[in-house]
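Written below as structure tokens is the structure these notes are about.
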Amino acid sequence: MAISWDSNLDFLKSLHNQISDDLKNKKIGYIDIPCHYNTGDLLIYLGTEQFFQDYELNVTYRALQNNINYKKLLECDVILVHGGGNFGDIYLDHQIARENLLLKLKNKGVIFLPQSIYYKNNLNLENSINVFKQHNNVKMYVRDKDSFEIAKLLTENVVLMPDMAHSLHPLIEKSEVVCLDSKNKRILNLVRNDCEGVVFNRDIKKRSFDWSDLCSTSDVVIQRIINASRRTPFFSELMLKNWLVQVNYNVNNAISYVEKYDVVHTDRLHGFILAYLLGKNVFLYDNNYKKIEKYNDCWLKECDLITTYSCIK
């Protein structure tokens with residue numbers, strides 16, 4: 001039986017209440033904030049900030065990726081690491097930086113917001129296990145069941161949890177959800193063009209679009225200025241505020257772009273999540289390690305707005 005769009009999204013957002021239970025009455029350090037134009041990571045970032053507002057949590061320190069003030073971080077009661085899909089060895093440099101953080105803060109409580117985990121190389125997984133076992137207070141929220149099994153090798157404290165972008169719900173009113181029976185639908189062909197992409201013979205013949213197409217020259221200049229300035233203590237806090245303004249601008253552009261369409265074909269997880277938040281009819285294709293299928297099976301497979309590639313071949 002299909003689950004209604006609004007009931008499903010209300011439920012997924014409500015699950016974030018469990019994370020808030022770990023953070024109430026604590027000084028929070030929120031780190032690993034993305035400073036790039038991957039709209040998926042930016043949706044997670046804004047969803048996390050919305051979550052902080054919803055539960056009136058006390059975030060006393062924020063830091064962009066690779067820009068951590070450890071003195072300020074030590075003043076926090078708990079460290080909250082930004083969620084996403086880069087945990088493992090696909091983006092190994094980022095994983096090493098994350099593990100170095102754990103080695104430096106062995107006595108500080110660390111919580112990883114919802115992650116997808118994937119390792120191509122068992123040796124890299126073993127190295128991660130060795131690092132995590134040196135820390136006695138790590139909790140991991142993960143976005144799918146396969147990630148749950150891997151996370152259990154890293155820490156005993158693991159919980160399944162939907163992506164933080166769900167805290168952005170509601171982006172539209174229920175009456176705006178697309179009608180599946182309508183004709184002359186506008187179609188968006190959202191295709192990832194990075195190392196996770198897989199070539200599919202899609203049933204549609206239309207020019208593809210990816211998040212990078214939303215970036216202007218001025219966006220790139222702003223990002224470079226922020227990246228150049230963020231390591232200077234005097235500017236780091238100001239740059240983070242300016243970056244949040246830029247993130248809101250970028251995400252609003254993405255929302256406006258996707259809103260123009262009735263149907264979205266995509267192999268991007270947050271192309272999928274954003275389209276569903278906007279009440280679109282979504283056709284799913286997978287990335288190279290089945291991240292989208294795993295997420296859909298865990299949280300959204302009973303929704304009638306969503307069709308998987310395996311169902312339409």
Side-chain angles (χ1 to χ4, degrees), residues 1-21 39-55 83-85 113-116 141-148 158-182 185-188 190 251 254-255 257-287 290-312:
M1 181 179 177
I3 301 172
S4 71
W5 171 86
D6 54 333
S7 296
N8 185 253
L9 286 175
D10 287 345
F11 171 70
L12 293 177
K13 180 173 182 174
S14 72
L15 291 176
H16 291 162
N17 176 67
Q18 186 174 349
I19 305 175
S20 74
D21 290 339
T39 303
D41 285 332
L42 303 185
L43 285 163
I44 295 172
Y45 175 29
L46 293 187
T48 303
E49 291 291 351
Q50 184 63 53
F51 162 76
F52 293 149
Q53 292 180 39
D54 290 344
Y55 291 96
L113 289 171
Q115 308 275 342
S116 294
Y141 288 98
V142 294
R143 303 190 297 195
D144 61 75
K145 293 174 183 176
D146 283 7
S147 296
F148 183 91
V158 184
V159 179
L160 272 173
M161 186 64 57
D163 189 86
M164 294 306 296
H166 287 289
S167 271
L168 293 172
H169 174 67
L171 292 178
I172 63 169
E173 214 282 327
K174 183 180 177 180
S175 62
E176 298 176 89
V177 174
V178 69
C179 177
L180 293 176
D181 297 327
S182 63
K185 297 176 181 178
R186 295 203 65 198
I187 298 172
L188 174 62
L190 175 52
V251 169
I255 290 171
Y257 193 87
V258 175
E259 273 185 326
K260 296 185 294 185
Y261 299 90
D262 306 295
V263 179
V264 177
H265 288 247
T266 188
D267 58 354
R268 279 199 172 276
L269 178 58
H270 284 87
F272 162 32
I273 291 175
L274 178 58
Y276 189 63
L277 285 169
L278 293 172
K280 306 302 180 182
N281 186 194
V282 190
F283 289 81
L284 296 181
Y285 306 78
D286 226 326
N287 76 330
K290 298 188 180 299
K291 177 169 66 177
I292 292 87
E293 177 184 323
K294 293 171 185 176
Y295 191 84
N296 184 56
D297 285 349
C298 199
W299 305 110
L300 293 162
K301 65 180 179 180
E302 301 299 329
C303 303
D304 58 6
L305 287 176
I306 300 167
T307 304
T308 62
Y309 178 74
S310 59
C311 294
I312 59 178

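- In this structure the side chain of Cys303 never reaches within 4.5 angstrom of the side chain of Trp5, judged on heavy atoms.
- When side chains are defined from C-beta on, Val251 does not count as touching Tyr45, because their heavy atoms never get closer than 4.5 Å.
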Distance-only criterion, 3.5 Å: show the donor-acceptor pairs between side-chain atoms of residues 161-173 and protein atoms not counting sequence neighbours.
from: Asp163; atom 1: OD1; to: Arg143; atom 2: NH1; distance (Å): 2.6
from: Asp163; atom 1: OD1; to: His270; atom 2: NE2; distance (Å): 3.1
from: Asp163; atom 1: OD2; to: Ala165; atom 2: N; distance (Å): 2.8
from: Asp163; atom 1: OD2; to: His270; atom 2: NE2; distance (Å): 2.9
from: His166; atom 1: NE2; to: Tyr295; atom 2: OH; distance (Å): 2.8
from: Ser167; atom 1: OG; to: His16; atom 2: ND1; distance (Å): 2.7
from: His169; atom 1: NE2; to: Asp10; atom 2: OD1; distance (Å): 2.9
from: Glu173; atom 1: OE1; to: Ser175; atom 2: N; distance (Å): 2.8
from: Glu173; atom 1: OE1; to: Ser175; atom 2: OG; distance (Å): 2.8

* Begin from the C-alpha positions of Leu278 and Ile255 and carry the test side chain to side chain contact (heavy atoms under 4.5 Å, CB included) through to its verdict. => CA-CA 8 Å; Leu278 293 172; Ile255 290 171; 4.0 Å; yes
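- Between the side chain of Glu302 and the backbone N or O of Leu300 there is no donor-acceptor pair closer than 3.5 Å.
- More than 12 heavy atoms of other residues, nucleotides or ligands lie within 6.0 Å of NZ in Lys185, so this atom counts as buried by the packing criterion.
- Note that CD of Glu49 and CG of Asp54 are 11.5 Å apart. Values are rounded to the nearest 0.5 Å.
- Listed by chain and number, the residues in a side chain to side chain donor-acceptor pair (under 3.5 Å) with Glu293 amount to none (sequence neighbours excluded).
- Taking all atoms of both residues into account, the shortest heavy-atom contact from Tyr55 to Ser14 is OH-O, 4.2 Å.
- Ion pair Lys291/Asp144 not flagged as a salt bridge, since none of the NZ, NE, NH1 or NH2 atoms sits closer than 4.0 Å to an Asp/Glu carboxylate oxygen.
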* Under the side chain to side chain contact (heavy atoms under 4.5 Å, CB included) criterion, do Val142 and Val159 qualify, and how do the steps go? -> CA-CA 6 Å; Val142 294; Val159 179; over 6 Å; no
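- To the nearest 0.5 Å, atoms CH2 (Trp299) and CZ (Phe11) are separated by 7.0 Å.
- A 4.5 Å side-chain heavy-atom check between Thr308 and Lys301 finds every atom pair outside the cut-off.
- Residues Lys280 and Leu305 share a closest heavy-atom pair of O-CB, 3.7 Å.
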* To do: Just do the side chain to side chain contact (heavy atoms under 4.5 Å, CB included) check on Leu284 and Thr307 with the steps written out, would you?
  => CA-CA 6 Å; Leu284 296 181; Thr307 304; over 6 Å; no
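- Taking 4.5 Å as the limit, some side-chain heavy atom of Ile306 sits within range of a side-chain heavy atom of Phe272.
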* Mind running side chain to side chain contact (heavy atoms under 4.5 Å, CB included) on Asn287 and Asp267 for me, showing each step along the way? => CA-CA 6 Å; Asn287 76 330; Asp267 58 354; 5.6 Å; no
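- Side-chain contact between Val264 and Asn281 is absent, with no heavy-atom pair separated by less than 4.5 Å.
- Rounded to the nearest 0.5 angstrom, Ser116 OG and Lys294 NZ are separated by 8.0 Å.
- Looking only at side-chain heavy atoms (C-beta outward), Leu43 and Ile273 stay at 4.5 Å or farther from each other.
- The shortest heavy-atom contact between Leu190 and Gly271 is CD2-CA, 3.5 Å.
- Under the 4.0 Å criterion applied to side-chain N and carboxylate O atoms, Arg186 and Asp262 are not assigned as salt-bridge partners.
- When all heavy atoms of Leu188 and Tyr257 are compared, the pair lying nearest together is CD1-CE2, 3.6 Å.
- The shortest distance between side-chain heavy atoms of His265 and Val263 falls below 4.5 Å.
- Residues Cys298 and Leu160 share a closest heavy-atom pair of SG-CD2, 4.0 Å.
- Closest approach of Ala275 to Val258, counting heavy atoms only: CA-CG1, 4.3 Å.
- Looking only at side-chain heavy atoms (C-beta outward), Asn296 and Tyr276 stay at 4.5 Å or farther from each other.
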